[in-house]
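Below: one structure, written as structure tokens.
Hydrogens, waters and symmetry mates are skipped; everything else that's a heavy atom, side chains included, is used. Being a predicted model, the structure only gives us computed values, none of them experimental. Start at 1 with the first residue, then count along the sequence. Each ligand, and each atom within it, is numbered from 1 in the order the structure gives.
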Amino acid sequence: MEHPENDKEYQGLTVNAGIEQPATVNPYLANRKRVHRHHFTPGEYVEGIVKGNVTVLGQAVTLVESLLPEHQAVAQEVIEKCLPYSGNSVRIGISGVPGAGKSTSIDVFGLHELEKGGKLAVLAIDPSSERSKGSILGDKTRMEKLSVHPNAFIRPSPSAGSLGGVARKTRETITLCEAAGFNKIFVETVGVGQSETAVHSMVDFFLLIQLAGTGDELQGIKRGIMEMADAIVINKCDGSNIEKAQLAASHFRNALHLFPLPDSGWMPKVFTYSGFYGLGIKEIWDMIDEYVRFVKENGYFEYRRNEQAKYWMYETINEHLRDSFYQNETIATLLAQTENDVLMHRYTPFVAAKKLLDTYYELLK
Ligand code: GDP
């Protein structure tokens with residue numbers, strides 16, 4: 001019976017048939033093809049990547065960036081299988097303080113490079129993303145022309161984890177991009193110190209974008225960063241700023257001459273340009289091509305990549321050891337107490353550290 005309430009037992013109550021109501025959920029939804037994100041097998045990821053499928057590449061990068069152990073396991077397998085297809089690129093680090101004109105410049109540098117053919121990936125390492133919970137570097141909207149170019153792949157900075165962790169993910173993403181046929185890789189970072197070291201550890205050429213200031217531009221820039229640069233380029237050399245930019249360039253040239261010649265044998269160059277007006281771009285990229293030829297001939301290109309491979313091996317070991325120690329539950333509970341003991345002068349910092357490490361080693365047995 002459709003309405004049991006109409007039974008004789010329910011006296012005094014009649015329920016009418018009523019009017020059929022329209023569905024509360026879009027009825028066409030059921031007919032729509034479900035667009036579930038397909039989870040590929042590692043082999044399928046590799047196949048898609050090697051074919052140059054950027055959708056698959058993007059999904060694989062998402063796995064690399066994921067913190068979930070099951071994603072990491074797949075990501076590591078994909079990276080390993082992509083390794084034989086990778087390495088065939090020129091990797092260029094681009095650094096500069098916010099406002100130096102990185103996005104404007106990368107847009108024109110990238111287009112200039114793409115005119116010569118090939119494919120370009122723009123990646124980023126943004127240490128501030130840890131705090132802001134979202135990355136600005138590598139944001140597609142900042143590179144208007146590149147973002148709609150069919151041969152460009154732009155990926156914002158991975159946002160989770162320590163600088164070392166973020167950098168490692170970018171390093172792994174380079175491998176995937178290269179396997180997908182991207183033969184030009186830009187790695188962008190903000191000029192704030194440590195992130196430069198991270199970028200330097202994964203690129204063949206390090207380009208430092210500077211601005212002409214009030215004549216004391218050398219003061220604000222750390223010696224270590226100057227020493228990393230294979231070229232310093234002064235942006236915004238246009239309009240009323242031309243003279244100042246050229247003056248800054250000569251200051252940088254003089255300063256660089258005071259440093260010993262780098263291991264590469266390449267004397268870092270200084271150029272002025274205008275990213276906004278597209279002036280002086282060709283000169284910079286001809287110089288980078290010249291650098292690549294130079295270091296490929298003298299063997300430094302290969303040497304630097306080998307040194308970087310070693311660096312990443314040790315970095316990864318260090319990171320795992322640190323995580324294993326600090327994430328150990330017993331250690332985590334002992335840490336606060338031991339810290340307190342040190343502050344109360346019950347132990348010296350060294351004895352306290354030794355005690356914790358000994359406990360950790362005991363736990364491993
Ligand atoms: P980023 O923070 O380093 O990525 O810098 P942006 O590319 O966003 O540039 C910061 C500001 O400088 C923007 O307002 C740009 O329009 C301006 N800018 C960038 N390049 C040039 C240039 O070559 N000349 C001039 N005059 N302004 C520029």
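Among the atoms of S274, some N or O lies under 3.5 angstrom from an N or O of ligand 1. For ligand 1, the polar-atom distance check finds an N/O of N235 within less than 3.5 Å of one of the ligand's N/O atoms. Note: an N/O pair closer than 3.5 Å links T104 and ligand 1 by distance alone.
Residue contacts with ligand 1, taken as heavy atom pairs separated by less than 4.0 Å, involve D238 solely via side-chain atoms from C-beta onward. In V97, the part holding a heavy atom less than 4.0 Å from any atom of ligand 1 is the backbone.
Of the residues R304, R305, K310, the one that meets the salt bridge (Lys or Arg N to Asp or Glu O under 4.0 Å) test with E307 is K310.
Using a 4.0 angstrom heavy-atom cutoff, P98 counts as in contact with ligand 1.
The atoms of ligand 1 that sit less than 4.0 Å from any heavy atom of S103 are 1 (P), 4 (O), 6 (P), 7 (O), 8 (O). Listed by atom number, the atoms of ligand 1 under 4.0 Å from A100 heavy atoms are 3 (O).
Using the six-membered ring where Trp is involved, F294 and W266 have ring planes that are tilted, between 30° and 60° apart.
Ion pair E297/R293 not flagged as a salt bridge, since none of the NZ, NE, NH1 or NH2 atoms sits closer than 4.0 Å to an Asp/Glu carboxylate oxygen.
Taking the six-membered ring wherever Trp is involved, the centroid distance between the rings of F205 and F186 does not fall below 6.0 Å. Under the 6.0 Å cut-off for aromatic ring centres, Y303 and Y300 qualify, their centroids lying closer than that.
By the criterion of side-chain heavy atoms lying less than 4.5 angstrom apart, applied directly or through intervening Ile, Leu, Val, Met, Phe, Trp or Tyr residues, L211 is not grouped with F276; the two fall into different hydrophobic clusters.
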